[in-house]
Amino acid sequence: MIEVQNITKRYGRTTAVDDVSFRVERGEILGFLGPNGAGKTTTMRILTGYMPPTEGRATVAGYDVFTHPIEAKQRTGYLPETPPLYPDMTVREYLDFVARIKGVPSRERRDRVTSAMQRTHVADMASRHCSKLSKGYRQRVGLAQAIIHNPEVLILDEPTAGLDPKQIIETRELIRGLAGDHTIVLSTHILPEVAQTCQRVVIINRGRVVAIDTPEGLTSRLQGAATLYVQVDAPGVDATETLQGLPGVSRVALSDQRDGVRGYEVESARETDIRREIARAVVSRGWGLLELRPMRMSLEEIFLQVTTEETPEEAVSEQRP
Amino acid sequence: MNSVRNVLAIADKELRSYFASPIGYIIIGLFALLFGWFFYVYLTFFVQRSTGMAGMGGGATNINQDMIRYVLMNSAVIILFVMPMITMRTYAEEKRSGTIELLLTSPLTDVQIILGKFFGAMGLYAAMLLVTLLYMGILFIYGNPEWRPIASGYLGLLLMGGCFISLGLLISSLTKNQIVAGVLTFAVFLMLWVINWIGDQSGPTTRVIVNYLSIVDHFDDFARGIIDTKHLVYYLSFITFGLFLTAKSVDSERWRG
Ligand SMILES: Nc1ncnc2c1ncn2[C@@H]1O[C@H](COP(=O)(O)OP(=O)(O)OP(=O)(O)O)[C@@H](O)[C@H]1O
Ligand SMILES: [Mg+2]
């Protein structure tokens, strides 16, 4: 549905986006994750035809955004970083204007405006001037504006920025609800958002793609080493030595301790599953095995790890359950 | 068909934005007031002269050539002062507030957006001129002026204003700050007006060049009631060229980011 091929964008001497490529399939939600200045907005502006790339090519719904801009734009809804509202229009007037320039036929316009307002929960603000809206409502009207012509593709630049927690949940639900008949690209630097909303993640840093995967795939792929959490009931005894002695274990760290129950983090190479060995070792010594589970790195840590270019070992060692 | 629809959508939005704030009413009111003042001055002058001449046995004077013509020529100068207020925000404000991102990512061509903005401003300008027709109505009630020179005068005003608008759009597209755009536009208009006087005092060659640059100069014949193709072509090509440069400016902005 969306295809980005080797896009590079230079502003004078600074390279904002450097040889970025990715694909988004129909009905998919793709998360665009990166720290400030990573090039998220720039990439989205290229995708929406706001500006051409210095090099490379992008197609939306089968149309090259640069050679067939009108066709591509007809099929794209875009929520820019700052919602593009006209302060002296009311919400309804504004959405009606947007519907007009997006080419919605005049007899359908009224219905589309009403339904967009309902879907984004701004109907109660219909006759309020845009200049008098709160940040959260501005964002929602921006979203209403993006979906007004029922586009195949939605490009949303930080759609939940500035919303309160309740609105964030509502907006994520709305976005998930739009997926399926819409293909969505959204940018964010809030990590749980990606895990909760997106099927695939592009992590971008300083203009370069660092990783593309599913949230689950990223978690295990970037983990490098597999870490198990083992909780042992062995009053007065430290199991570190025992665990360390098992084949395949590279590192053991005590992570918590309470009433003789100790929790350990056991690290091993990813390919080897050493759960059975651990269980056998613990039980054969007459200790109680209370818990044995793989530890997943949260996306947040992956993100930090990826974007700060830490080695995986460092990131994992800092982690606590 | 679609393109006409798009141009109208933008023009409609522009026109309504003038009246969403007091600015549209202020511009129309200000123009009507200044126009009215010139109208009054030239009318009393004309009445004095014609009654005086009648007393001396001189023939009737022509209200079209001796009064209306001067009123229209002076209103050209008022327009020069008022027009920056109309055009300064067109592009600058969209760039500042980020709404330009909406326009440039909508299925519109740059030319449609520019024409929409041009016709929106022309709409407000036409409303300004329309109000002044009330003054002309007074002349028709109490006198018997010829309508043709008045019509050609108004056509000239419309075209001349179109030149100012297209130039104003261009300047507005160069900056994010509408005040900068306004001041710059005013300065350029003033220069184009002053250039007239330079032309009058210089040699024949410079005079030709300078006169060609002077937008107001081409209006004189229209005010006299003469529609000369030379001036029509001049105004229309000036407008087209201004809009063309605006398109270039918008496009180059896009490349620079
Ligand atoms: N108009 C511009 N002119 C010059 N440099 C720019 C321009 N816009 C962006 N940049 C630079 O390009 C880089 C990428 O910016 P971009 O806005 O795409 O980042 P982002 O990922 O959207 O960041 P954020 O999370 O802060 O929104 C930054 O280094 C920025 O300074
Ligand atoms: Mg951004």
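Naming: A, B, ... by sequence-line order, numbering from 1 per chain.
- One finds the CG atom of B:Leu103 at 5.5 Å from the CD1 atom of A:Ile101 (value rounded to the nearest 0.5 Å).
- Remark: A:Glu93 CD to B:Ser17 OG distance equals 11.5 Å, nearest 0.5 Å.
- How far OG1 of A:Thr82 is from CD of B:Glu101: 6.0 Å, rounded to the nearest 0.5 Å.
- For the options A:Ala146, A:Pro84, A:Pro87, heavy-atom pairs under 4.5 Å to chain B are most numerous at A:Pro84.
- For a residue to count as touching a neighbouring chain, one of its non-hydrogen atoms must lie under 4.5 Å from one of that chain's; by this rule A:Tyr78 touches chain B with the side chain only.
- If you measure heavy-atom distances from A:Leu85 to chain B, the contacts under 4.5 Å come from the backbone alone.
- For A:Glu71, no part lies under 4.5 angstrom from a heavy atom of chain B.
- Neither the backbone nor the side chain of A:Val65 comes within contact range of chain B; no heavy atom of the residue lies under 4.5 Å from a heavy atom of that chain.
- Here the closest non-hydrogen pair linking B:Arg254 and A:Pro52 is CG-CD, 3.4 Å.
- For the atom pair CD1 (B:Ile100) and OH (A:Tyr50), the distance works out to 6.5 Å, reported to the nearest 0.5 Å.
- Note that CE of A:Met89 and OG1 of B:Thr99 are 9.0 Å apart. Values are rounded to the nearest 0.5 Å.
- Ring centroids of A:Phe66 and B:Trp255 are separated by less than 6.0 Å, placing the two rings close together.
- For B:Thr105 against A:Lys102, the heavy-atom pair with the smallest separation is O-NZ, 3.8 Å.
- Under a 3.5 Å cut-off, the side chain of A:Lys73 and the backbone N or O of B:Leu104 do form a donor-acceptor pair.
- Rounding to the nearest 0.5 angstrom, the gap separating the CG atom in B:Asn2 from the CD1 atom in A:Ile70 is 9.5 Å.
- B:Asp12 touches chain A through its side chain: at least one heavy atom from C-beta onward sits under 4.5 Å away, while N, CA, C and O do not.
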